[in-house]
Structure formats: structure tokens, C-alpha cells
Amino acid sequence: MMELMMRFSGQLLAGAGLTLQLTAIAALLACALALPLAIVRCSERGLLRWPIRLFVSFFRGTPLLAQLFLVYYGSGQFRAELSQLGLWWFFRDPYYCALLTFVLNSAAYQIEILRGGLRAVPYGQIEAGVAMGLSRFNQYRTIILPNAYRIAFPALGNEIILLLKGSAVVSVITLFDVMGQTRRIFSQTFDLSVYLWAAVLYLLMTSAFVWLWRRLELCLTRHQRLRQAPTPVTAPAAKRVSAGVSL
Amino acid sequence: MNKTLRSLLLCSAFALAPLAGVQAAEGKTLRLATEGAYPPFNYYTADGKLAGFDIEIGQALCERMQVKCSLVAQDWDGIIPALLGRKYDVVIASMFITEERRQMVSFSDPYQKSAMTFVVTKDSTLNDFSPQALAGKTIGAQGATTQADYLMAMFPDSDVRLYPTQDAVNLDLASGRLDAQVGDMIPMLDWTQKSTDGSCCRLAGEPISDPKYVGEGVGMAVRKEDEALRQQLNQALAAIIADGTYQAINDKFFSVNLLTLEQ
Amino acid sequence: MDWLTYLSFGDAGWGDELLQGLGVTLALALATLPLGLLLGLAVAALALFGARPARALALAFSTTLRGLPELLTLFIIYHGVGMGLNALLRWYNPEAGYLELSPFIAGVLALGLVFAAYSSEVWRGAWQALDGGQREAGEAMGLRRLTIFRVIELPQLLRLALPGLGNLWINLLKDTALVSVIALSDLMRMANIAVGATKKPFLFFLVVCLAYWLVCLLCEYLLGRMERRANRGQRMGGAAA
């Protein structure tokens, strides 16, 4: 088992690099996309709200694997049209197809998470901002968004972990992430232990991320921690696993 | 080993048995496995049934051996592990006989000969298929195949992409995601000449017949301990070749004779 | 209108195969549900009330499976458990028959374990939200532990855990698509086969997405009704909010 690891560790680590890179870039881009959409989604204007609801519902109600196939193989069917639009170089590359799918998918989840955060901002604080004569932009910048992101922070972390795990499906569109490398090594050696090594690698990545996210969360909530210091920390309630597709 | 412990473990295995569906090992049906994504050798028809050259040869062999046979579809990646795991008894899926595979399973006599070939789109300007000329190019093949081994070993400077099925490689060559692919000669001939979607593409370069990768041809794989079954298969194969059954099936699918690769 | 031909029923089209695939998908999800729910409940009970090593084990189970990609879990179960069972059997008796781990069973096991890992967290949260005084009241009445669980705790657990479990059910439905990678003829795989034969990837994968979407929306609607029904005795603003 060790011997196998020695022989293939380079490939597996390269795979881990790709997995982390895909997850990080997709999560960041999705975050940038989710913010304006979540704000619009919470606004009063129904005309803008509906397309976003549809988008969120579709991406949360269908398997990531099916979305990836739709984007990757589906786009291959429209090569001529995409070439005319000058977009074919983008869809030609499985890496960009995976990235696009993950950004859209993760944005859909992040919109819902942020919406919850935005709604949970105490209204009194916003009123205080209005009373102070803050512009709408400054209300968001100084009061609403910092609060909303702090409230949504644990759920966002969960979403990124789900994305990291979900990224294993890129192995079916020829990318050599951890899963892709693992399957390739298995088909060469038929040695099951390579799957166990992959499991160790994924667990390391997810637990490192959980640790990092906890540290960040502590940092973000330090003002609350001081106030609540006397009460003992209780075991966390169940994490809400993101799903749900309601329109 | 302690008898009680063994019995205990066995009991627990049997407790799982109804879950897993135990079947008797002896007699009854011989289970043939194929991939179902490798036309014209094995594929699904529009009504969802397995068909193709491999399947018809398999059925002819079963008739000759006078056993009842059933067909199992199995993804290529797992086709040898599942044979070893006793999911089925024979793999008849256009599998090249190679040294690496011989370490895991044993093979019948070859029932086809073949070579590998490069395939490019018709408008492609590629004509040199040396590793130097293809450096930086994107080349595809089905994963866990001899083609994949060949590409990984000989083209370290190219962007080699491995797909779960041959259909997926074809799809991406046609759509222009790949500069070239390496495929098995006969199905590639068939694809480029007979199918509408394959009309995008043509064979290119010299056939690749390096025995290190292509081996002695295509055989049926069985578990190493099933020597008797291997012998039976070989006898039945010789018989259907002798009485013309093989040729009749051959002609249904191909214009070349698969045993000699001659027209 | 040639896309209608592709989706038609009968030998020319793929409509009937896709529908069969959808049936397999639903059967897989339904078969997984009881395993995942019960195992999850057992793990939650261990994590809350077990001895120290049992607690650690329960926690490790849930953390590990929630940290692994479902696809990887599936491969490990499919290749690993099949080989392991047969090796065990032959080690006892080399002449023994064989056990077949079908893709369906492998799918049920793998998805069931994942579901159990997540649902154990939901059960645990619900259990902690219960009023401990009720259990004490039960003990004061001389009820046995099992009776307390059955009569007092379980009905409330179900209500409290329903939203979380509903989410997991939707996730499960979507995760079944992964089993197509190990050759189960579910909806996703049927679409793959259809694409191989027709070279119309966009059409078939879109249809597949729409089918999953429809099923998920339907489930969401039913779950919403179930939640309302489960909460009908609750004062608004309390647990029902």
C-alpha cells in the first residue's frame, strides 16, 4: 500500500492541486455573482425576482453531474454557433466548462444562503442607519452586508465543502483531479488501496478547510464572543445541509 | 484458523447474502459481460438491447457449448475487477490480449486481430503523428484501454484526455475539442465510413501495431482458475470458425475478415 | 420536430428507456431512505447517549462520510465491498459460490451510508432541541427507556427533524445520478446511452435535468405539506416558525 503511494503520490498531489484550484476559483466567482443577485432577489420588484428564483431552483433541483454533461457535451452540439459568437475557445476546454458549471451551481446555493443572511439582519440597525442619513449604498456597505455575511458565514463554509466534494464529478469529463487520477491509477493497477489514499486526501482537504473556516468565524464574531463569554459553548445544532428547490 | 471464528464470519456473510443476491456457482447460466458502448462490437439499440459483433459471437459460442447464457453490461473501467469479483464469468468486449492484463486474467485464443489508428477530422492538416509533432496537441482516447496506455507512454508532451466511453471520445473529436484520437482500427473504420456523425472524420497515419500495446489480438477474458471454461471457449471458437458461423457473423458487420484483417 | 421522435416511445425513440431509467432512479432513492434514516438515528443515539468510545466512533463515522465525495464513497463500496465479501467467502470455503454486489445494492449501501452520516446530524440536533423535562417526566412515571423514546421522543423528533430530512431527501435524489457511473441503468445512464446512439447530447441532458427538476419540485411541495401537517398542533412563532 505504501509502495503504491510512493509510486503515484506525484499524480495524486497534482490532482489535489486541480481540485483545490477549481473549487477556490469557482467559489470566489460564484460569491461575486451571488451578491448582486441575492440583493435583487430580496428586492420588491417581482419582475426581476422571478428569473432569479427560476435560476436558483433549476440549479438546486438538478444533479451537478447532469448540469456538467449539459454544459460540456451539450455545448459540443452547438460548435458552429459558438464559434460564430467567438465563444468556442471557452467551451472547447473541459476546465472552463467545469468552472462555468460550478460557478452557476454554487451561485444558486449562495444566493439562497445570502438571502437568509440578508433577511436576518436586525431591522433596527437598518433604521438606525436611515436615521443617521446613510445613503442606500452606505447602508449596505456598513450595516447590511457585514451583518448578512457574518450570519451566513457557517452556511457558506458548508457550501464550499459541498462544492469541493462535488468537484469529483469532473473526472468524467477527462479532467485529472484527485478522482480522475485515482480512477486512472486504479485502471492501471487494479489496486483498491488507491481509493483509500484518495479518501485520505479528501478528508485532509475538507478538515483543513473546516479548521480554517472556524478560525475565520471566530475572528468575525469576536465582538459577540466577548459579550457572551460567561455562557458555556454548547454542542452545535444540526448544520443545515443546503438543498431545497422551492420556487 | 479458529473454526468458530470462520463460521461466525461466514454467518455474517450469509446474513448479507439475501441483500446481495446469492447465486449458485455451478451450471445454470454462463454470464457474459460486455461494455455496450463500442459499436459495432457491442452497443445498445434504440429499444435498449445489447447488440453487436461481440454479442453475436458470444451467443454462437454459447449455442455451440450448449449452455444458457446471459448478458451483463459493465463499464469498461471496472470490467476486469468485476470479472475477478465474480460478477460474470467471461468478458467478451473486444479486449486486447496484453501482458499487463494477463497478470490478472487469462485469455482465450484471439477471436479478432486488430491494430490501433489515429483519427482526425477531415479538415485537419495533421499528417505527422510522431510524439514530437504532436507535442502540445490535444489527443483523446478511451480510458483504461491499450490506446490510453499507448498515449500515456509515448506522448508525454501532448495533452492526453481519457474518456469513460468511446462514444464520448467520438463526440469530442467531432465537435473539435480534440486534435486527434487514437482508436481501435475496426470500429474507427466502421465509424468514419458508415455512420453519419463519423463522416466528420478520417483515419490518419500508419496503423499502430506495436505488439507491446496491441498484443496478439483480441480475446475473451476469464478468471485464471477457470481453465476448463477457457478450454471450452477455445474449442467452441475453433468450431464456429470451421463451420462458417464465424464468417457469417463477420460478414454481417464488416467487409474485412477480422481474423486476418484482409478484405 | 425531430426531437419529438427522439423522445417518443417504442423502438425508434428513447422515451420509454428514459422513463424506465427514472423508475430505477426513484427505486434507488426509495430503497436507500429507510437504511439512511434508521442508521442515522442509531448513530445519533450513539453520539448522544453512548459510552465514550461509541461516541467517538459515531462522530468519526459521520465526519468521515460527510468529508468524502459521494462519488468516491460509491467507488469504494462498489469495488471494495464486492471483492471483500467474495474474498471472505472463499477464504472460508474455496469451493463456495459467489456473492454478487449489484450496482443497485452498491448504490443503496453507499448512498445509505452518506444519508446516515448527514441525517445523524439532523437527528442529533432535533434530539437536543427536545425538552429534557419530558424525559424526566417519563422516568418519573416509571416508563422504560424504550417506551419513553417511542411514546414521547420519537413523535417530536420526527416533527423537528422533518425540514432537515426533507433537504437530505432532495440531495439523495440528485446523488442517485452518480450511480450511473458504475453502470446502473438509471435516468442519467439511459441518457448517456441515448446520446451515444443519437449524438444529441444537449437534448437528452436537458430532458434529464428537467426530469430531475420536476421530481425535486414535486417532492418539495409534498414535504411542505407534510411539514404543515406535522406542525398543525404547534403555536406559531415556536418550533413551527
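What's counted below: heavy atoms across the whole structure, side chains too, no hydrogens, waters or symmetry copies. The sequence lines fix the lettering, A, B, ..., with proteins before strands; numbering per chain opens at 1.
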Below 4.5 Å, heavy atoms only, C-beta onward: do [X] and [Y] meet side chain to side chain?
X      : Y      : result
C:L72  : A:Y195 : yes
A:M205 : A:T23  : no
A:P63  : C:M188 : no
C:W123 : C:V43  : no
A:I25  : A:F102 : no

- [ ] Can you measure from CG (C:L130) to CZ (C:R135) and round to the nearest 0.5 angstrom?
- [x] 8.0 Å
Task: Distance, nearest 0.5 Å, that separates CG of C:L223 from CG of C:N167 - done: 8.5 Å
Task: Heavy-atom proximity to chain A below 4.5 Å, by part of C:S120 - done: neither
- [ ] Identify which part of C:D175 has an atom lying under 4.5 Å from any heavy atom of chain A, answering side chain, backbone, both or neither.
- [x] neither
TODO: Would you mind telling me which of A:Y73, A:F209, A:F69 has the largest number of heavy-atom pairs within less than 4.5 Å of chain C?
DONE: A:F69
Task: Partner chain C: residue of A:I161, A:L201, A:T206 with the largest heavy-atom pair count (under 4.5 Å) - done: A:T206
TODO: Among the options C:L214, C:N192, C:T73, pick out the one with the most heavy-atom pairs lying under 4.5 Å from chain A.
DONE: C:N192
Task: Residue among C:L68, C:T176, C:L178 with most heavy-atom pairs under 4.5 Å to chain A - done: C:L68
Task: Full working for salt bridge (charged side-chain N to carboxylate O under 4.0 Å, His left out) between A:E217 and A:R214 - done: CA-CA 5 Å; A:E217 194 183 344; A:R214 288 245 169 88; 5.5 Å; no
Open item on the list: Within a 6.0 Å radius of atom OH on C:Y221, are there more than 12 heavy atoms belonging to other residues, nucleotides or ligands?
Closed with: no
Open item on the list: Around atom CZ of A:R119, are there more than 12 heavy atoms from other residues, nucleotides or ligands closer than 6.0 Å?
Closed with: no
Task: Residues of residues 166-185 of chain A with any heavy atom under 4.5 Å of a heavy atom in chain C - done: A:A168, A:V169, A:S171, A:V172, A:M179, A:R183
Per-residue contact mode, [X] against chain C (heavy atom under 4.5 angstrom):
X     : answer
A:L70 : both
A:F78 : side chain
A:Y72 : neither

- [ ] Report yes or no: do C:S185 and C:Q20 form a side-chain donor-acceptor pair below 3.5 Å?
- [x] no
- [ ] Scan side-chain atoms only and decide if C:S62 and C:R66 contain a donor-acceptor pair under the 3.5 Å cut-off.
- [x] yes
TODO: Would you mind telling me which of A:W88, A:W89, A:F91 makes a ring-ring contact (aromatic ring centres under 6.0 Å, His included) with A:Y96?
DONE: A:W89
TODO: Please confirm whether A:W50 and A:F55 have ring centers closer than 6.0 angstrom.
DONE: no
Task: Those residues of residues 201-211 of chain C, ordered by number, that approach chain A below 4.5 Å (heavy atom to heavy atom) - done: C:P201, C:F202, C:L203, C:F205, C:L206, C:V208, C:C209, C:L210
